[in-house]
Asks: 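There's a structure below that I have some questions on.
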Amino acid sequence: MYYIIILLVILITIIFYFGMGLFAPTKDIEYDKYDLKGKVVIITGSNAGLGKEIAKKIGKLGAHIIFACRNELKAKEAIKEVFEFSNCENDKLEFMKLDLLSLGSIKEFVNQFQNIKKLKCDILINNAGIMWLWEDKKWNNPITKNGGNQFNTQFLANYLGHFLLTQLLFKNLMENQARILNISSSVHSLGGFSLENLINDTSYTFQTYCQSKLAQIYSTYYLDSLINSVENENITNKATINAIHPGIFASEIVNLPFPLDRLYHKIFKSAEYCARAIVKCAIENQYQSISGKYFDDTKIINSSSLSYNKEIGKQLYQQSMDLIKDYLN
Ligand SMILES: NC(=O)c1ccc[n+]([C@@H]2O[C@H](COP(=O)([O-])OP(=O)(O)OC[C@H]3O[C@@H](n4cnc5c(N)ncnc54)[C@H](OP(=O)(O)O)[C@@H]3O)[C@@H](O)[C@H]2O)c1
Ligand SMILES: *[C@@H]1O[C@H](CO)[C@@H](O)[C@H](O)[C@H]1NC(C)=O
Ligand SMILES: *[C@@H]1O[C@H](CO)[C@@H](O)[C@H](O)[C@H]1NC(C)=O
Ligand SMILES: *[C@@H]1O[C@H](CO)[C@@H](O)[C@H](O)[C@H]1NC(C)=O
Ligand SMILES: *[C@@H]1O[C@H](CO)[C@@H](O)[C@H](O)[C@H]1NC(C)=O
């Protein structure tokens, strides 16, 4: 009897904590208050999950969205959905191929974006990500090769690929006083941090996922410190850069067998709900000049104490620059 009561209490807590219930106060965007016409927004991984929901909201506000995705077919379907959601008024919804597991593809994406199409970026949302939870046919390769180098796949997709993307777009972002949002996760506090492990580990573990999310926060803080350094104090055109935990929500990132998948989608928050906070942080005036912070929903909170270690942040930055150096020019 006691066990049943304890189990029930645990279940209800989980439903309230992760689910919509009491802990879901964030309202949807007031679409008539904002106009993003003429703004260019890059969203990585916008063909599914959170990225697609962010695209819907930003698309409805009239922005020119670049769907930076690896799968053209899925991206085109998402574009159709966003088009319909925006009452078919936004025809500036554009697919551009970006595979974060290929450093060459990232370079080509940026070349297309700024040299060929001559676009300026106002908002960059580094959203795409993968997560390993258990052996699964979807994630069969823990290691990805690029030229002569090999990389831990989660590290490359979640962190290093976006690192290169942001570096290559850096001047463009600064000139446009862009807002950069890195979609991180609260689980960044669970994995510890070992650079050697992240870069050279050939296994696919949940711990590597957590560390890749922590790496995003390190690079958010470190880049912010460079942007706002004493040498740059008189530069007025500056990008802002923040990391954000969107909440725990049901998406394609967790691959469960039937009927667990149904339960998962019932219990957890929706990607639509979690996209609200991301879009608010990306467009609202109150966040305009905030940089180098970690958000949970729309609130600024402290990330893990390990994430404030400046020495690790600097080492990670230097090693990351070294790993991508062949692709910088
Ligand atoms: N779900 C959660 O509870 C949760 C919690 C905290 C943080 N997050 C973060 O939220 C972000 C979005 O996750 P989600 O839950 O929305 O996952 P999702 O539904 O699986 O969507 C992930 C997106 O990333 C794309 N992607 C993956 N690898 C890529 C690559 N190599 N190149 C280009 N695009 C790639 C996927 O494209 P394909 O369709 O081609 O695979 C997909 O569009 C991730 O950064 C995740 O870490 C999620
Ligand atoms: C996060 O933002 C920083 C600063 O713009 C950037 O250097 C880094 O590449 C981004 N990382 C990820 C994984 O999004
Ligand atoms: C990864 O392994 C290579 C080759 O063994 C080594 O040169 C490099 O220092 C290692 N990287 C880290 C971060 O430990
Ligand atoms: C920034 O401007 C102030 C006031 O003009 C000046 O005193 C200061 O030396 C400048 N800083 C740098 C790094 O150029
Ligand atoms: C974050 O940490 C700092 C320093 O440890 C502390 O002063 C501050 O109150 C904390 N902020 C929050 C929101 O917890």
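Each ligand, and each atom within it, is numbered from 1 in the order the structure gives.
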Asks: Please list the nearest protein heavy atom to atom 11 (N) of ligand 5 with its residue and the distance rounded to 0.1 Å.
Replies: Asn302 ND2, 3.0 Å
Asks: List the closest protein heavy-atom neighbour of atom 13 (C) of ligand 4: residue, atom name, distance to the nearest 0.1 Å.
Replies: Val230 O, 3.6 Å
Asks: Examine Ile248 against ligand 1 and note whether any of their N/O atoms are separated by less than 3.5 Å.
Replies: no
Asks: State, without any angle test, whether Glu175 and Asn237 hold a side-chain donor-acceptor pair at a distance under 3.5 Å.
Replies: no
Asks: Any nitrogen or oxygen of Tyr264, side chain or backbone, less than 3.5 Å from one on ligand 1?
Replies: no
Asks: State whether the shortest distance between N or O atoms of Ser185 and N or O atoms of ligand 1 falls below 3.5 angstrom.
Replies: no
Asks: Does an N or O from Pro246, backbone or side chain, lie closer than 3.5 Å to an N or O of ligand 1?
Replies: no
Asks: Please check whether Gly51 reaches ligand 1 - meaning an N/O of the residue sits under 3.5 Å from an N/O of the ligand, judged on distance alone.
Replies: no
Asks: Is the closest N or O pair between Glu252 and ligand 1 shorter than 3.5 Å?
Replies: yes
Asks: Below 3.5 Å, N or O to N or O, backbone or side chain included: is there any such pair between Ser46 and ligand 1?
Replies: no
Asks: Among all protein non-hydrogen atoms, which one is nearest to atom 14 (O) of ligand 4, and what is the separation to 0.1 Å?
Replies: Asn234 ND2, 3.5 Å
Asks: Would Lys56 and Glu272 satisfy salt bridge (Lys or Arg N to Asp or Glu O under 4.0 Å), going step by step from the backbone distance to the final call?
Replies: CA-CA 9 Å; Lys56 278 190 185 166; Glu272 185 281 320; over 6 Å; no
Asks: So, is the end of the Lys97 side chain (NZ or CZ) under 6.0 Å from the ring centre of Phe109 and within 45° of the ring's axis?
Replies: no
